[in-house]
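What follows is one structure encoded as C-alpha cells, with my remarks underneath.
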Amino acid sequence: MSAWLYHLNALVLGLFILTAIAMVVMRQIGACMQVFVLQSLLLAASAFLLGGAPWSWHLFALGCVTIASKAVLIPWILRSMVPAQVYARREFSQSIDVSAILLSSLALLLAGYAAGIPLNAAAHSLSPANVSVGMAGLLIGLLQLAVRREAVPQILGILAMENGAFLVGIAIAPNFPLIAELAIAFDVPLLAFIVALLTRSVYQETGSTEVGSLTALRELL
Amino acid sequence: MNMHVAAWLIPALPLFAALVLALPRSERVASALTIGCSVVSFGLSIAVMCGLQMGGVLVLIAHWVEVDSLSALLLLLITLIATTAAIFSAGYIGPEHSALRTRLYYANFNLFVFSMLSIPLTVELGLVWIAVELTTLLSILLVSFSGTREALEAAWKYMVLTLLGATVAVLGVLMLFWALHVTGSTDFTWTGLRVAASVMPLALVKTAFALLLIGYGAKIGLVPLHTWLPDAHSQAPAPVCALLSGIETTVVLYVLLRLRGVFLQVPAVHVQAWFAVLGLISVGVAVLLIVQTHDFKRLFAFSTVEHMGIVLVAASFATPLGDAAAVWQILAHAVTKSFCFYAAGSALLVSGTRSIADVTGLLDKSKITAAALLVGSLAISGAPPFAVFLSELAIFRAGIVSQHYLVTGLLAAFIVIGFFGVLFHAGNMAFGRPAPGRRAWLKLPVLCGIALGIAALPVIVLGAWIPLALARLLLHSAAVLGG
C-alpha cells in the first residue's frame with residue numbers, strides 16, 4: 001500500500017473511533033443514527049482504500065454493499081417503520097454519565113489495541129491498524145449496548161459492533177468468499193426490518209421504546 | 001428416490017410452504033400445508049439417514065453443501081420436532097388469532113425450520129454463520145407472537161444477546177479464515193480446517209476460539225450468557241418453545257462440537273478444559289435455578305441450559321466413548337425436551353397460567369396433561385427407563401473410563417440435584433392440593449393431544465429399543481465427531 005493511501009486510511013480509522021464513541025454518548029436518537037451512517041461510510045472508505053492497491057474486487061464490492069445496505073437501506077427501514085416521535089426524543093436515562101462513558105471508551109480503545117498486537121505479530125494483514133481499531137470499535141459497540149436503554153440506540157450498538165468486526169475483516173480476510181457481501185446485503189437489512197417490527201410492537205404496547213425499562217421477567221427469589 | 005434429490009428437498013419443502021403462505025387468503029391451508037411439508041421432510045430425512053447409516057458423505061455442492069452421518073442425525077431431529085410442533089400448533093394457535101396473524105405465524109414457522117435445516121447442510125463456516133444468524137432473526141417474531149409486554153421483553157432480550165453473540169462469532173469466523181489463509185489453504189470447511197489447524201498461527205487460533213465460544217455460547221445459553229434463554233423459551237408459544245429448546249440450541253451446539261474437532265488439533269487452545277469448565281458451570285447454575293423456579297415453562301428452559309452443559313462436558317472428554325454419549329444425549333434431549341414443552345403448553349392451555357403454585361392438582365382436572373407432564377419430567381430429569389437416563393449413564397462411564405473423576409463427580413452431583421428439583425415441581429403440579437379459588441379449567445384441543453401422543457412415542461420407545469438404522473447412524477455420527 002502506498003504511503004498516502006496508508007495515511008488516508010489512518011485518518012479514516014481515527015474518525016471511525018470518534019464516531020464509535022459519539023454513538024455511545026449522543027443523547028438525541030436521530031443524531032445517533034446519523035453518526036451510524038457516517039461510521040458505515042467510513043467503513044466503506046477503508047475498504048476502498050485497502051482494496052485500491054493492489055486492486056481487490058472483493059473489497060470494492062464490500063464497500064459498495066456497505067454503503068447501499070448500512071448507509072441507505074437500514075436508516076430508511078428504521079426511519080419509516082419506527083414512529084417519528086422516537087427520533088426527536090432525547091435519552092436522559094443512560095445508566096452511567098457521559099464522563100464515565102468517555103473514560104470507559106478510552107479503556108476499551110486501549111484494550112482493542114492490546115488485543116491487536118499479538119494478532120498482528122502472528123500474521124500479515126493488509127493494515128495492522130484496522131485490526132486494533134476494529135477490535136476497539138466492537139468493544140465500544142458493546143458498551144453502547146450496555147448503557148443505552150432506548151431501542152434504536154441499542155440496535156445501532158449491535159450494528160456498530162458489526163462495523164467493528166468488518167473493519168477488522170477487510171484487513172485480515174480481503175478475499176473472504178462472497179459471504180461477507182451476502183451477509184451485509186441480506187442479513188443486515190433483514191435484521192433491521194425484524195427489529196424495527198419488534199420496536200414498533202414495543203411502542204404500541206408500552207407507549208415508549210425504552211426497552212431498558214422492560215424488566216418484568218426475572219426470577220422471583 | 002435419488003439421495004441427492006431427497007437431501008435437497010428436505011430444506012426446500014419448508015421454504016416452499018413459506019412461499020405459498022406469502023400468498024393472500026392462504027391461511028385456510030396454512031396448518032395443513034405446514035404439517036404436510038414437515039411430514040414429507042421427515043420421511044426424506046429418514047431416507048437420508050438410512051443412506052448414511054454406515055457413514056460416508058453425500059456431496060451436494062462440494063465444499064459448500066454436504067451431508068454426513070452427524071448432519072443426517074440433526075436433519076432427522078429437526079424435521080421430527082418440526083412435524084410434532086406443526087401438529088401441536090394446529091391445536092395451539094386457535095381461531096382467536098386473526099387470519100393474517102395465523103398466516104404470518106406459519107410462514108415464519110416454516111422459514112425458521114428452513115434456517116435450522118441449513119445449519120447441518122452447510123459445511124462452509126461463513127455459510128454456517130449466516131444460517132445461525134438466520135435462526136435468530138427468523139425466530140424473534142415467533143417469540144413475541146402473543147404480543148404481550150412480557151413476550152416483547154423476552155423477544156428483545158433474546159434478540160440483543162443472540163445478535164451480540166452472532167457479531168462476536170463473525171469476527172471469530174473471519175479470524176479463523178485469516179489463520180487458514182496464512183497456511184496457504186482455501187478450504188474453509190470443517191475438514192479443511194481440521195487438516196490445516198495444527199499449522200495455523202497460535203495467536204489467531206486462540207483468539208478465534210475465544211470469539212467463537214463466546215459468540216455461539218451465547219446462542220446455546222451457556223452461563224453467564226444464558227439470561228435471555230428462560231425468558232424467550234418460556235414466553236414463546238409452546239410449539240415454538242419446543243423448536244427453540246428442543247432443537248435450535250442443539251443445532252448451534254452442533255456447530256460448537258464440529259469446531260471442537262478443529263481446535264482439538266491445537267493442544268495449546270485447551271478446548272477440553274474450556275468445555276468442561278463452562279459445561280459444569282452451566283449445569284451447576286441451571287440446576288440451582290431449576291430448584292427455585294416458580295414457573296413451569298421456565299423450569300424446562302433451565303433444564304435446557306443444564307442439558308447443553310451436560311453435552312459440553314461429555315464432549316470435553318474427547319474420547320470415542322464420550323463422543324458416542326454426547327451424540328446419544330443430543331438425540332435423547334431433543335425428543336424429550338420438545339415433548340416436555342408440549343406438555344407444559346398443554347398445562348398452560350387448560351389452566352391459563354404458567355405458575356407452578358396455581359396448577360397444583362392437575363391430575364384431577366386433566367389426566368392427559370398431568371400424565372404428560374409427569375412422563376416428560378421423569379424422562380428429562382434422567383429417570384430410568386428413559387433415553388436421557390441411558391445417555392447420562394454413558395456420559396458418566398465415559399468420564400470414569402477416561403479418568404476425569406472430578407468432572408464426572410461434579411456432573412453427577414449436579415444432575416442428581418436437577419433430578420430432584422424437576423421431580424419436586426412436577427409432583428406438586430400433578431398431585432399437589434388444588435389451589436383454592438381457581439378459575440375454570442379448559443379442555444385440551446384434540447390436535448394438541450394427538451401431537452402429545454406422537455411426541456411421546458420416541459420418548460418412551462428410545463429408552464428400551466433403538467431402530468438398527470438409528471443405532472448405526474449414532475455410531476457413525478460419533479465417529480464423525482471424533483474425526
Side-chain angles (χ1 to χ4, degrees), chain A residues 115 117-125 131 134-135 138 141-142 145 151 154-155 157-162 164-166 168-180 182-183 186-188 190-191 193-195 197-199 201-202 204-206 211 213-221, chain B residues 64 124-127 129-130 133-134 136-138 140-141 143-144 147-157 159-160 163-164 166-182 186 188 200-207 211 227 230-231 234-235 289 292-295 298:
Chain A
I117 292 169
L119 299 176
N120 285 315
H124 172 76
S125 70
V131 179
M135 286 277 201
L138 185 112
L142 195 61
L145 204 51
Q154 281 203 4
I155 287 316
I158 290 180
L159 293 171
M161 284 177 71
E162 203 174 65
F166 277 107
V168 181
I170 54 175
I172 63 175
N175 43 4
F176 198 71
L178 280 173
I179 303 298
L182 271 177
F186 297 106
D187 252 32
V188 178
L190 181 66
L191 184 158
F193 173 71
I194 283 170
V195 173
L197 273 179
L198 186 62
T199 308
S201 305
V202 171
Q204 283 161 356
E205 180 68 27
T206 67
V211 287
S213 64
L214 294 173
T215 52
L217 296 173
R218 59 198 146 87
E219 288 306 302
L220 313 157
L221 288 171
Chain B
W64 295 91
E124 208 267 357
L125 264 75
L127 277 185
W129 179 84
I130 291 187
E133 167 103 334
L134 279 181
T136 300
L137 293 178
L138 297 172
I140 291 172
L141 296 180
V143 172
S144 72
T148 60
R149 202 184 161 98
E150 288 79 21
L152 291 168
E153 178 188 341
W156 191 268
K157 285 186 187 166
M159 186 272 298
V160 165
L163 288 184
L164 183 156
T167 311
V168 173
V170 78
L171 188 55
V173 172
L174 291 167
M175 199 71 70
L176 212 51
F177 182 79
W178 189 21
L180 182 78
H181 196 69
V182 170
T186 52
F188 197 42
M200 289 178 184
L202 186 59
L204 304 190
V205 179
K206 276 185 171 172
T207 314
L211 293 170
T227 49
D231 298 345
S234 64
Q235 290 297 325
L289 288 167
Q292 57 82 52
T293 193
H294 301 270
D295 175 324
R298 288 176 82 86

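Just so you know, these numbers use all the heavy atoms, side chains as well, and skip hydrogens, waters and symmetry mates.
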Which of the residues [options] is involved in the greatest number of heavy-atom pairs with chain B at under 4.5 angstrom?
| options | result |
| --- | --- |
| A:A121, A:G134, A:A165 | A:A165 |
| A:V211, A:I158, A:V202 | A:V211 |
| A:L197, A:V195, A:I194 | A:I194 |
| A:V168, A:L142, A:T215 | A:T215 |
| A:A115, A:A122, A:G164 | A:A122 |

Which residue out of B:Q235, B:E150, B:R298, B:M159 racks up the most heavy-atom pairs below 4.5 Å with chain A?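 It is B:R298.
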Selection from B:L138, B:I140, B:L164 maximising heavy-atom pairs under 4.5 Å formed with chain A: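 Top option by heavy-atom pairs under 4.5 Å: B:L164.
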If I measure from the heavy atoms of chain B, does [X] come under 4.5 Å with its side chain, its backbone, both, or neither?
| X | answer |
| --- | --- |
| A:I172 | both |
| A:L159 | neither |
| A:A151 | both |
| A:L217 | both |
| A:Q154 | side chain |

Quick check: closest heavy atoms across [X] and [Y], and the distance to 0.1 Å?
| X | Y | answer |
| --- | --- | --- |
| B:L204 | A:A123 | CD1-CB, 3.7 Å |
| A:S213 | B:R149 | O-NH2, 4.5 Å |
| A:S125 | B:W178 | CB-CZ2, 3.6 Å |

CG on A:N175 to OG1 on B:T186, rounded to 0.5 Å: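 Those atoms lie 9.0 Å apart.
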Can you tell me how far CG of A:L198 sits from CH2 of B:W156, rounded to the nearest 0.5 angstrom?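 Between B:W156 CH2 and A:L198 CG, I get 6.0 Å after rounding to 0.5 Å.
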Considering only heavy atoms, which portion of [X] lies under 4.5 Å from any heavy atom of chain A: side chain, backbone, both, or neither?
| X | result |
| --- | --- |
| B:T207 | side chain |
| B:L137 | both |
| B:K206 | neither |

List the atom pairs, donor and acceptor, that lie under 3.5 Å between side-chain atoms in residues 168-175 of chain B and the rest of the protein, sequence neighbours left out.
none

Go through the steps to decide whether A:F186 and B:L134 satisfy the test side-chain contact (heavy atoms from CB on, under 4.5 Å), and finish with yes or no. CA-CA 10 Å; A:F186 297 106; B:L134 279 181; over 6 Å; no
Would B:E133 and A:L191 count as a side-chain contact (heavy atoms from CB on, under 4.5 Å) if you check the C-alpha gap in whole Å, the side-chain angles of each, and the deciding distance to 0.1 Å? CA-CA 9 Å; B:E133 167 103 334; A:L191 184 158; 3.8 Å; yes
Under 3.5 Å: donor-acceptor pair, side chain of A:E205, backbone of B:L152: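 Absent.
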